[in-house]
A.B. asks: 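Structure below; questions to follow.
Along the sequence shown, residues are numbered consecutively beginning with 1. Every value quoted in this text rests on a predicted model; they were computed, and no experiment measured them.
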Amino acid sequence: FPKLFAGVIALSPSSFVKQGYDAHVLETNTAAWTVHGRAIAYRTAAHPSSAAIPVQRITADVLLSAGLEDQLTLGFHEEQEITARLRSLKGRRVVSLVYEHAGHLVDNPVPYLPWGNSFYEAALGVQETLGGTPFGNAAARADEWPRILAFIATVKSR
């Protein structure tokens, strides 16, 4: 929707469609993002069992952020894949933020708020660890938040 959005911010991103999260339902055949009931992705030969998010269709500026020690998802690897796919195209400003000693919590960029490093996943009955160190996560969020605000301030509508 290029007429609606001039910029995209993806924190701890995924380059492939994953199911919509519902703590009470663990089905894996539901796309998290749809338009008019249809998934907004496609399958590739490299990933026949998953659907690649068609990031190459994004014409807006993009800011991506990931922690190197994300233990919940493969956010860093997928951030790097998205960045490489976008940078191979012309006319897009791509900002890539990667934080050492940070985990999945870079997806909650507001700094100076206390956050735990794990949560109880009731549907699975397990404790999930988000990764990173307390200092690494706090430092990442303190750096990331002003960069997000600066990115928003410089995005130009198309």
A.B. asks: For atom CD of Glu128, decide whether the heavy atoms of other residues, nucleotides or ligands shown that lie under 6.0 angstrom number more than 12.
C.D. replies: yes
A.B. asks: Closest approach of Val106 and Ala102, non-hydrogen atoms and distance?
C.D. replies: CG1-CB, 3.8 Å
A.B. asks: What closest approach, in Å, do Asp61 and Val155 show between heavy atoms, and which atom pair accounts for it?
C.D. replies: OD2-CA, 4.1 Å
A.B. asks: With a cutoff of under 4.5 Å between side-chain heavy atoms, which Ile, Leu, Val, Met, Phe, Trp and Tyr residues group with Leu68?
C.D. replies: Phe76, Val98
A.B. asks: Is it possible for you to say whether Val35 and Phe5 belong to one hydrophobic cluster, with membership spreading through side-chain heavy-atom contacts below 4.5 Å?
C.D. replies: yes
A.B. asks: What pair of heavy atoms forms the shortest contact from Val95 to Phe151, and how long is it?
C.D. replies: CG2-CD1, 4.1 Å
A.B. asks: Give, for atom CZ of Arg92 and atom CZ of Arg87, the distance between the pair rounded to the nearest 0.5 Å.
C.D. replies: 13.0 Å
A.B. asks: The criterion is side-chain hydrogen bond (donor to acceptor under 3.5 Å, both in side chains); which residues satisfy it with Ser65, sequence neighbours excluded?
C.D. replies: Glu144
A.B. asks: For Ser96, give me all partners under side-chain hydrogen bond (donor to acceptor under 3.5 Å, both in side chains), at least two apart in sequence or on another chain.
C.D. replies: Glu79
A.B. asks: Is any side-chain heavy atom of Leu63 closer than 4.5 Å to a side-chain heavy atom of Val8?
C.D. replies: no
A.B. asks: Which residues pass the side chain to side chain contact (heavy atoms under 4.5 Å, CB included) test with Ala150, not counting sequence neighbours?
C.D. replies: none
A.B. asks: Among residues at least two apart in sequence or on other chains, which ones pass side chain to side chain contact (heavy atoms under 4.5 Å, CB included) with Leu149?
C.D. replies: Trp145
A.B. asks: Residues two or more places apart in sequence or in another chain: which of them pass side-chain hydrogen bond (donor to acceptor under 3.5 Å, both in side chains) with Asn137?
C.D. replies: none
A.B. asks: Supply the atom-to-atom distance Ile9 CD1 to Leu11 CG, rounded to the nearest 0.5 angstrom.
C.D. replies: 7.0 Å
A.B. asks: Identify the two heavy atoms, one from Ala60 and one from Ala6, that lie closest to each other, and give their separation to 0.1 Å.
C.D. replies: CB-O, 3.2 Å
A.B. asks: Just how far is it from atom OG of Ser12 to atom CG of Leu105, taken to the nearest 0.5 Å?
C.D. replies: 8.0 Å
A.B. asks: So does Thr83 get a backbone contact from the side chain of Arg85, meaning a donor-acceptor N/O pair under 3.5 Å?
C.D. replies: no
A.B. asks: Main chain of Phe16, side chain of Ser14: is a donor-acceptor contact present, judged purely on distance under 3.5 Å?
C.D. replies: yes
A.B. asks: Tell me every residue that passes side-chain hydrogen bond (donor to acceptor under 3.5 Å, both in side chains) with Thr154, counting only those two or more places apart in sequence or in another chain.
C.D. replies: Arg93
A.B. asks: With Arg147, which residues qualify under salt bridge (Lys or Arg N to Asp or Glu O under 4.0 Å), at least two apart?
C.D. replies: Asp143
A.B. asks: Is there a path of hydrophobic side-chain contacts, each under 4.5 Å between heavy atoms, that joins Ile58 and Leu89?
C.D. replies: no
A.B. asks: Mind listing the closest non-hydrogen atom pair of Ile82 and Ser15 along with its distance?
C.D. replies: CG1-CB, 3.7 Å
A.B. asks: Can you tell me how far apart CG (Leu130) and CD (Glu69) are? Round to the nearest 0.5 Å.
C.D. replies: 12.5 Å
A.B. asks: For Ala10, which residues count as a side chain to side chain contact (heavy atoms under 4.5 Å, CB included) partner, sequence neighbours excluded?
C.D. replies: Pro13, Leu64
A.B. asks: For the CZ atom of Arg141 and the CD1 atom of Ile148, what is their distance to the nearest 0.5 Å?
C.D. replies: 11.5 Å
